[in-house]
*Asks:* 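Here it is, the structure, as structure tokens.
The figures that follow rest on heavy atoms only: side chains count, while hydrogens, waters and symmetry mates do not. Position 1 is the first residue of the sequence, and the numbers go up from there.
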Amino acid sequence: NSEDVRCKCICPPYKDHSGHIYNKNVSQKDCDCLHVVEPMPVPGPDVEAYCLRCECKYEERSSVTIKVTIIIYLSILGLLLLYMVYLTLVEPILKRRLFGHSQLIQSDEDIGDHQPFANAHDVLARSRSRANVLNKVEYAQQRWKLQVQEQRKSVFDRHVVLS
């Protein structure tokens, strides 16, 4: 594709002419000042001196690779956006249906100091009866929350560090 290849010549200032950058779609063998710099800013006798100062480079790119990379990037971004929408909108509705509204809103007084895992057994029984992966994750999350709650009580209320 002619858009994926180019010859880029960078010509510094010469006499009363300012520096300039020239780009042209030419083959690699024609990548020199004589083929790329058009129109020639200097008259005939100074062309060779002007062209010796120019630095010409042949550049290639793969537009297919660029397009594929952008598509992959946008796809991942879209999936993350959908996951964020799921976490903010759908997950709370599923939690209310699966575990009931009363179980999500528990205070420290409901749990008690002597039996911190009193409701964990009920959650365990429910999650074992369902073979859904979401339920297993929810159970682990509930258990972890209860453990953290118990550790906070021990450290901040009783000033005891759990081992």
Side-chain angles (χ1 to χ4, degrees), residues 1-101 103-106 120 123-124 126-128 130-152 154-156 161-163:
N1 191 356
S2 63
E3 297 167 354
D4 288 343
V5 295
R6 73 176 179 180
C7 183
K8 180 179 181 180
C9 290
I10 302 172
C11 300
Y14 179 75
K15 293 188 180 179
D16 60 346
H17 299 285
S18 63
H20 197 69
I21 298 174
Y22 299 93
N23 290 314
K24 192 172 184 183
N25 294 334
V26 294
S27 65
Q28 190 170 6
K29 66 178 181 154
D30 292 333
C31 184
D32 59 9
C33 176
L34 295 173
H35 290 95
V36 175
V37 177
E38 289 179 0
M40 190 62 69
V42 294
D46 290 335
V47 170
E48 187 176 342
Y50 182 76
C51 282
L52 286 175
R53 297 171 56 99
C54 294
E55 182 181 340
C56 296
K57 292 181 182 175
Y58 183 75
E59 298 175 344
E60 282 185 79
R61 69 177 181 191
S62 174
S63 60
V64 173
T65 303
I66 294 169
K67 288 176 185 175
V68 167
T69 304
I70 290 173
I71 289 171
I72 291 172
Y73 176 77
L74 290 176
S75 299
I76 291 172
L77 196 64
L79 287 173
L80 289 173
L81 184 65
L82 286 174
Y83 183 63
M84 184 185 75
V85 168
Y86 167 77
L87 287 177
T88 56
L89 299 177
V90 178
E91 188 181 31
I93 295 169
L94 288 177
K95 279 184 180 179
R96 274 188 236 121
R97 282 188 186 167
L98 293 175
F99 294 106
H101 187 67
Q103 209 171 25
L104 287 176
I105 305 173
Q106 289 182 353
V123 175
L124 176 62
R126 287 183 189 166
S127 65
R128 283 184 183 163
R130 299 179 186 123
N132 193 344
V133 175
L134 180 63
N135 292 333
K136 291 178 183 178
V137 171
E138 288 292 332
Y139 165 70
Q141 185 180 14
Q142 290 290 331
R143 190 178 67 190
W144 177 79
K145 284 180 182 178
L146 290 171
Q147 288 174 348
V148 169
Q149 218 169 28
E150 177 62 24
Q151 287 177 359
R152 282 185 183 149
S154 296
V155 171
F156 294 118
V161 178
L162 298 176
S163 56

*Asks:* Taking the two cysteines C56 and C9, decide whether their SG atoms are closer than 2.5 angstrom.
*Replies:* yes
*Asks:* Enter the distance from I66:CD1 to D4:CG here, rounded to the nearest 0.5 Å.
*Replies:*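 That separation rounds to 7.5 Å.
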*Asks:* Would you indicate whether the side-chain heavy atoms of I72 and I76 approach each other to under 4.5 Å?
*Replies:* yes
*Asks:* What heavy-atom pair brings A49 and Y14 nearest, and what distance separates the two atoms?
*Replies:*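 Distance-wise, the nearest heavy atoms are CB-OH, 3.4 Å.
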*Asks:* Which heavy-atom pair separates D30 from V36 by the least distance, and what is that distance?
*Replies:* O-CG2, 4.3 Å
*Asks:* For a 4.5 angstrom cut-off between non-hydrogen side-chain atoms, does R152 reach Q149?
*Replies:*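 When only atoms from C-beta onward are counted, Q149 and R152 do not touch, as no gap falls below 4.5 Å.
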*Asks:* So, R61 side chain and R6 main chain: donor-acceptor pair closer than 3.5 Å or not?
*Replies:*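 Checked: no pair found.
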*Asks:* Which pair of heavy atoms, one from K24 and one from H35, lies closest together, and at what distance?
*Replies:* NZ-O, 3.3 Å
*Asks:* Working to the nearest 0.5 Å, report the span between CG of L89 and CG of L94.
*Replies:*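 Interatomic distance, L89 CG to L94 CG, rounded to 0.5 Å: 11.0 Å.
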*Asks:* Between SG of C7 and CG of D32, what distance do you get to the nearest 0.5 Å?
*Replies:*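 Separation between the atoms: 7.0 Å.
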*Asks:* Any chance you could measure E55, atom CD, to C33, atom SG, to the nearest 0.5 Å?
*Replies:*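 These two atoms lie 12.0 Å from each other.
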*Asks:* Identify the two heavy atoms, one from Y58 and one from V26, that lie closest to each other, and give their separation to 0.1 Å.
*Replies:*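 In this case the closest contact between Y58 and V26 is CE1-O, 3.5 Å.
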*Asks:* How long is the straight-line distance from CG of L82 back to CG of L87, given to the nearest 0.5 Å?
*Replies:* 11.0 Å
*Asks:* Does atom CD (E91) have a neighbourhood of more than 12 heavy atoms from anything else shown, all under 6.0 Å?
*Replies:*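 For E91, atom CD is crowded (more than 12 foreign heavy atoms under 6.0 Å).
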*Asks:* Rounded to the nearest 0.5 Å, how far apart are CD of E59 and CG of N25?
*Replies:* 11.0 Å
*Asks:* Considering residues at least two apart in sequence or located in another chain, which fulfil the side chain to side chain contact (heavy atoms under 4.5 Å, CB included) criterion with V47?
*Replies:* L34, M40, V42, C51
*Asks:* Can you tell me if the gamma sulfurs of C54 and C11 fall under 2.5 Å?
*Replies:* yes
